[in-house]
There are 2 protein chains.
Amino acid sequence: MGDTTWKTAAASTDPEQACPIAPVVDIVFSRWTTPILWTLNQHGRQRFVELQRRITTITPKVLTQRLRQLERDGLIVRTYHPEVPPRVEYEISDLGRSLAPLFAHLAEWAAVNLDKVDRARHAYDNASAH
Amino acid sequence: MGDTTWKTAAASTDPEQACPIAPVVDIVFSRWTTPILWTLNQHGRQRFVELQRRITTITPKVLTQRLRQLERDGLIVRTYHPEVPPRVEYEISDLGRSLAPLFAHLAEWAAVNLDKVDRARHAYDNASAH
DNA sequence: ATAGTCACTTTCCTCTAGGTACCTACTATA
DNA sequence: TATAGTAGGTACCTAGAGGAAAGTGACTAT
């Protein structure tokens with residue numbers, strides 16, 4: 001009767017209904033945003049080509065797209081120098097830097113547990129093979 | 001799921017060249033895996049329909065797919081009871097539970113910084129409108 | 001005159017996660 | 001008789017992320 005444990009929230013598009021971290025996942029964790037944020041945090045201010053050289057498999061189109069998105073979300077800062085050849089520098093913002101401990105936490109989890117996931121996969125595959 | 005795309009998924013493409021946490025992102029953070037893990041960690045052992053009711057917008061097909069993937073990765077445990085309406089229970093594994101502090105960390109970041117992202121977006125949109 | 005640099009942009013294409021809708025076997029209940 | 005509940009499976013389709021390759025503009029070095 002007196003319980004209020006249901007969801008009265010707006011019925012927009014929401015996998016986050018039940019999960020408060022879903023929006024963060026959307027903003028920070030995708031195939032390319034995470035590596036970009038990581039290298040920017042690790043190696044400081046960098047130019048477009050430097051990012052391209054470090055994240056070897058990204059294409060220029062996608063790199064531009066992700067950088068724009070991260071800039072719009074306030075996680076990185078873009079500085080354009082109207083020189084000849086043009087020079088653009090990207091650096092992590094204060095907001096972006098606030099993710100650093102989180103990333104460290106994640107890296108630690110990866111170091112400890114990634115092989116467990118691998119073993120679980122092999123066990124599952126072997127079990128379902130028979 | 002009838003495909004075999006997951007068998008050789010080990011050394012395909014690698015954005016993780018420069019980023020040690022990319023594999024974790026791939027395993028844990030997607031549109032549906034995160035909410036599933038979250039509610040399983042929050043509300044304990046649950047049946048298929050309970051999960052469906054909590055994560056209101058997920059379809060049964062996708063729920064099955066993500067649950068299978070999480071089971072294969074060793075993050076959740078599936079228990080099948082061959083009764084007469086069939087009963088299946090899902091619970092988080094020890095490996096999955098080891099993500100809990102990380103999720104808490106993420107939730108805290110979200111609570112503090114999500115509105116900053118929102119403001120950054122509005123600022124960006126207003127600036128580029130002119 | 002040609003080639004190269006930089007930071008993209010554009011066009012076209014593929015691939016896959018996810019969505020829609022319907023189906024299964026079995027039984028308890030109305 | 002007919003409906004509902006359970007845990008999915010199957011077939012088909014769409015949207016969006018991402019990949020490949022070429023082009024652009026303004027200049028410089030050879």
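Protein chains get the first letters and strands the later ones, always in sequence-line order, with residue 1 at the start of each. Computed from a predicted structure; not experimentally measured. The basis for the numbers below is simple: all heavy atoms, side chains too, and nothing from hydrogens, waters or symmetry mates.
Considering every non-hydrogen atom in both A:Ser30 and A:Pro35, the closest pair reads O-CD, 4.1 Å.
The interatomic distance linking A:Ile36 (CD1) with D:dA17 (P) rounds to 14 Å, in whole Å. Here the P atom of nucleotide D:dT6 and the CG atom of B:Leu51 are 13 Å apart, to the nearest Å. Distance B:Gln65 CD to C:dA17 P: 8 Å, rounded to the nearest Å. In this structure, the CG atom of B:Asp26 is 16 Å from the P atom of D:dA17, given to the nearest Å. If you measure from atom CG of B:Leu63 to atom C1' of C:dG18, you get 13 Å, rounded to the nearest angstrom. Between the CD atom of A:Gln46 and the C1' atom of C:dC8 there is a distance of 18 Å, given to the nearest Å. Summarising the geometry, the separation between CD on A:Glu83 and C1' on C:dA7 is reported as 13 Å, rounded to the nearest angstrom. Atoms CZ (B:Phe29) and P (C:dA17) sit 18 Å apart, rounded to a whole Å.
Between B:Arg47 and D:dA7, a side-chain N or O to OP1/OP2 separation shorter than 4.0 Å is present. Between B:Arg53 and D:dG5, a side-chain N or O to OP1/OP2 separation shorter than 4.0 Å is absent.
Residues meeting the side-chain contact (heavy atoms from CB on, under 4.5 Å) test with A:Ala111, sequence neighbours left out: none. When the salt bridge (charged side-chain N to carboxylate O under 4.0 Å, His left out) test is applied to A:Arg47, no partner is found at least two apart in sequence or on another chain.
Distance check, rounded to the nearest 0.5 Å: CD1 of B:Ile21 to CG of A:Leu114 gives 11.5 Å.
Comparing C:dT20, C:dC8, D:dG19 against the side chain of A:Trp32 picks out D:dG19 as the nearest. In the set D:dG18, C:dG18, C:dA7, the nucleotide with an atom closest to the side chain of A:Arg87 is C:dA7.
Between A:Leu37 and A:Ile76 there is a side-chain heavy-atom pair separated by less than 4.5 Å.
Looking at which nucleotide of DNA chain D each of A:Ser30 and B:Tyr90 is closest to, the 5′-most match is held by B:Tyr90.
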Residues 59-67 of chain A side chain polar contacts: donor-acceptor under 3.5 Å, at least two apart:
unit_1, atom_1, unit_2, atom_2, d
A:Thr64, OG1, A:Pro60, O, 2.8
A:Arg66, NH1, A:Gln69, OE1, 2.0

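Within the 3.5 Å criterion, the main-chain N or O of A:Arg53 finds no donor-acceptor partner in the side chain of A:Thr56.
Contacts of residues 66-80 of chain A with DNA chain C (heavy atom under 4.0 Å): A:Arg68, A:Arg78.
Residue pairs meeting the salt bridge (Lys or Arg N to Asp or Glu O under 4.0 Å) criterion with at least one member in residues 84-107 of chain A, sequence neighbours excluded: A:Arg45-A:Glu89, A:Arg45-A:Glu91, A:Glu83-A:Arg87, A:Arg87-A:Glu89, A:Asp94-A:Arg97.
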Distances under 3.5 Å between protein N/O atoms and the N/O atoms of nucleotides 21-30 of chain C, please, pair by pair.
none

**Request:** Start with the C-alpha distance between A:Gln46 and A:Arg54, add both sets of side-chain angles, then the distance that settles side chain to side chain donor-acceptor pair (under 3.5 Å), and finish with yes or no.
**Result:** CA-CA 10 Å; A:Gln46 280 163 88; A:Arg54 276 200 227 273; 2.8 Å; yes
